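Read the structure below first, then the notes.
In what follows, chains carry the letters A, B, and so on, assigned in the order in which the sequence lines appear, proteins first and then strands, with residues in each chain numbered from 1. In this text the structure is predicted, and so the values were computed from the model without any measurement.
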Amino acid sequence: MPELPEVETVARTLRTGTPALIGQTIRDVLVLWPRQVAHPSPTAFAQGLSGARIQAVDRYGKYLLIGLRTSQGCQEADSVLLVHLRMSGRLELVPEAQAVTRHARLVWRLDGGLALRFEDARKFGRAWWVTDPAVVLGKLGPDALAISAEVFVARARSRRGALKPLLLDQSFIAGIGNIYADESLYLSGLHPKRLVATLNEAELLRLHTAIQYVLRAGIAANGASVDWVYPGGHFQEHFAVYGRAGQPCHRCGQPIQRILVAQRSTFFCPSCQPS
DNA sequence: GGGCATGTTAGCAC
DNA sequence: TGTGCTAACATGCC
């Protein structure tokens with residue numbers, strides 16, 4: 001579930017929550033699901049991160065970036081821990097004694113009694129330890145919350161196909177998933193199957209504005225909790241279309257429809273979002 | 001027990 | 001080359 005607003009909420013909690021993650025030093029790393037989760041390899045991951053000091057917590061698209069500094073003698077080196085939560089990942093700072101749970105996949109034990117835990121029931125989540133984040137983030141488009149209207153319009157102009165798959169394409173813009181794509185399209189009055197090439201500049205600008213609005217509203221609500229996976233947010237109380245098939249549109253009263261677009265559940269109002 | 005799920009990617013067809 | 005379809009990843013929930 002985690003899309004940009006949920007990941008931003010996690011980043012914000014880790015960055016400014018109590019107790020603080022920034023300033024902590026990683027003592028060692030437990031890789032509890034060695035098969036796929038830790039890159040470049042479980043061994044390199046655990047060795048490279050041990051002894052590192054946490055300097056910063058950031059987000060790009062749906063990725064969390066934890067900035068690190070490693071000291072070896074008088075030499076200092078910067079590196080980055082990247083985490084993608086995929087479908088069911090959770091990243092939390094917990095007391096070390098409670099760190100290893102049934103679905104814990106990675107545990108960074110910190111000096112001073114705390115641990116950073118990556119839990120992931122579905123095992124789709126991934127983490128990377130890299131010197132250059134571009135190794136992982138290189139194919140992504142601009143962050144959906146940072147992209148300007150001008151750049152958004154220019155990038156859309158060079159693309160074909162339907163609107164919704166474009167919004168979900170992380171190489172076009174990074175951070176939007178199924179929920180915020182549907183909410184953005186509703187707010188801009190655009191049909192999810194509308195061909196990008198048929199949009200005029202005013203429509204593209206409206207879509208850009210809607211994306212910014214919906215993502216910021218999601219962040220203000222601490223994200224959306226649509227099932228057991230991501231707790232704490234309440235943006236689901238403000239959904240206009242997502243998950244509301246058969247219920248009346250708040251604007252016109254017509255029932256919200258569910259269709260498949262690019263094999264994904266897609267909710268829209270046939271009256272407010274005409275094809 | 002079958003069908004569904006929020007994300008990403010490889011492989012393949014057009 | 002770009003677009004999009006399918007399957008795969010692995011599990012839990014209803």
Kindly list each side-chain donor-acceptor pair under 3.5 angstrom involving residues 210-218 of chain A, sequence neighbours excluded, with atom names and distances?
unit_1	atom_1	unit_2	atom_2	d
A:Gln212	OE1	A:Arg216	NH2	3.4
A:Gln212	NE2	A:Ala144	O	2.8

Enumerate all atom pairs, one protein N or O and one N or O from nucleotides 10-14 of chain B, separated by less than 3.5 Å.
none

Would you list the atom pairs, donor with acceptor, under 3.5 Å between side chains in residues 127-134 of chain A and any protein atom, with sequence neighbours excluded?
unit_1	atom_1	unit_2	atom_2	d
A:Trp129	NE1	A:Ser79	OG	3.0
A:Asp132	OD1	A:Ala134	N	3.0

A:Asn178 side chain vs A:Ser265 backbone, donor-acceptor pair below 3.5 Å | yes
Using a cut-off of 4.0 Å between protein heavy atoms and nucleotide atoms, how would you tag nucleotides 9-14 of chain C 5' to 3' with B, S and -?
-> BBBSS-
So, A:Thr266 versus A:Lys164: side-chain donor-acceptor pair below 3.5 Å or not?
-> yes
Range-with-range stems for DNA chain C, at least three Watson-Crick or G-U pairs under 3.5 Å | B:2-5 with C:11-14, B:7-14 with C:2-9
Salt bridge (Lys or Arg N to Asp or Glu O under 4.0 Å) filter on A:Glu76, not counting sequence neighbours, yields A:Arg69
Expressed in angstrom and rounded to an integer, what is the separation of A:Asp120 atom CG from B:dA5 atom C1'?
-> 14 Å
Nearest-angstrom distance from the residue atom NE2 of A:His39 to P of B:dT9 = 11 Å
dist A:Thr13:OG1 -> A:Leu91:CG (nearest 0.5 Å) comes out at 10.5 Å
Have a look at A:Phe172 and say if it touches a base, only the backbone sugar-phosphate, or nothing, with a 4.0 Å heavy-atom cut-off.
-> nothing
Using a distance-only test with no angle check, is there a side-chain donor-acceptor pair under 3.5 angstrom linking A:Tyr180 and A:Glu6?
-> yes
Length of the line joining A:Ile176:CD1 and B:dG7:P, which is rounded to integer Å = 11 Å
Do any N or O atoms of the protein come closer than 3.5 Å to N or O atoms of nucleotides 3-5 of chain C, and which pairs are they?
unit_1	atom_1	unit_2	atom_2	d
C:dT3	OP1	A:Arg160	N	2.6
C:dT3	OP2	A:Arg159	NE	3.3
C:dG4	OP1	A:Ala162	N	3.4

Return all side-chain donor-acceptor pairs below 3.5 angstrom for residues 111-121 of chain A, not counting sequence neighbours, or 'none' if the list is empty.
unit_1	atom_1	unit_2	atom_2	d
A:Arg117	NH1	A:Gln98	O	2.8
A:Arg117	NH2	A:Glu92	OE1	3.4
A:Glu119	OE2	A:Thr101	OG1	2.7
A:Asp120	OD1	A:Ser88	OG	2.6
A:Asp120	OD1	A:Gly89	N	3.3
A:Asp120	OD2	A:Lys123	N	3.3
A:Asp120	OD2	A:Phe124	N	3.0
A:Asp120	OD2	A:Gly125	N	2.6

Counting only pairs under 3.5 Å, give me each side-chain donor-acceptor contact of residues 32-42 of chain A, with atom names and distances, residues two or more places apart or in other chains.
unit_1	atom_1	unit_2	atom_2	d
A:Gln36	OE1	A:Arg126	NH2	3.4
A:His39	NE2	A:Gln36	O	2.8
A:Ser41	OG	A:Ala44	N	3.1

Which whole-number value in Å describes the distance from A:Leu168 CG to B:dG7 P?
-> 7 Å
Rounded to the nearest angstrom, tell me the gap between atom OH in A:Tyr60 and atom P in B:dT8.
-> 13 Å
Can a side chain N or O of A:Ser265 be found less than 4.0 Å away from OP1 or OP2 on B:dA5?
-> yes
Whole-Å distance, A:Lys62 NZ to B:dT9 C1', equals 13 Å
Using modelled atom types only, decide if a donor and an acceptor are shared between the side chain of A:His208 and the backbone of A:Ile147 within a distance under 3.5 Å.
-> yes
A:Thr18: side chain to side chain donor-acceptor pair (under 3.5 Å) partners, not counting sequence neighbours | none
Sequence neighbours excluded, which residues qualify as salt bridge (Lys or Arg N to Asp or Glu O under 4.0 Å) partners of A:Glu8?
-> A:Arg59
Starting at CG of A:Leu82 and ending at P of B:dG7, how long is that distance when rounded to a whole Å?
-> 19 Å
Any donor-acceptor N or O pair under 3.5 Å, side chains A:Thr198, A:Arg194 | yes
Please work out if A:Arg258 contacts a base, only the sugar-phosphate, or nothing of the nucleic acid, heavy-atom cut-off 4.0 Å.
-> sugar-phosphate
Can you check the A:Gln236 CD to B:dA5 C1' distance for me, whole Å?
-> 16 Å
Identify all side-chain donor-acceptor contacts of residues 242-254 of chain A below 3.5 Å with residues at least two apart in sequence or on another chain.
unit_1	atom_1	unit_2	atom_2	d
A:Arg244	NH1	A:Ala240	O	2.8
A:Arg244	NH1	A:Pro248	O	3.2
A:Arg244	NH2	A:Pro248	O	2.9

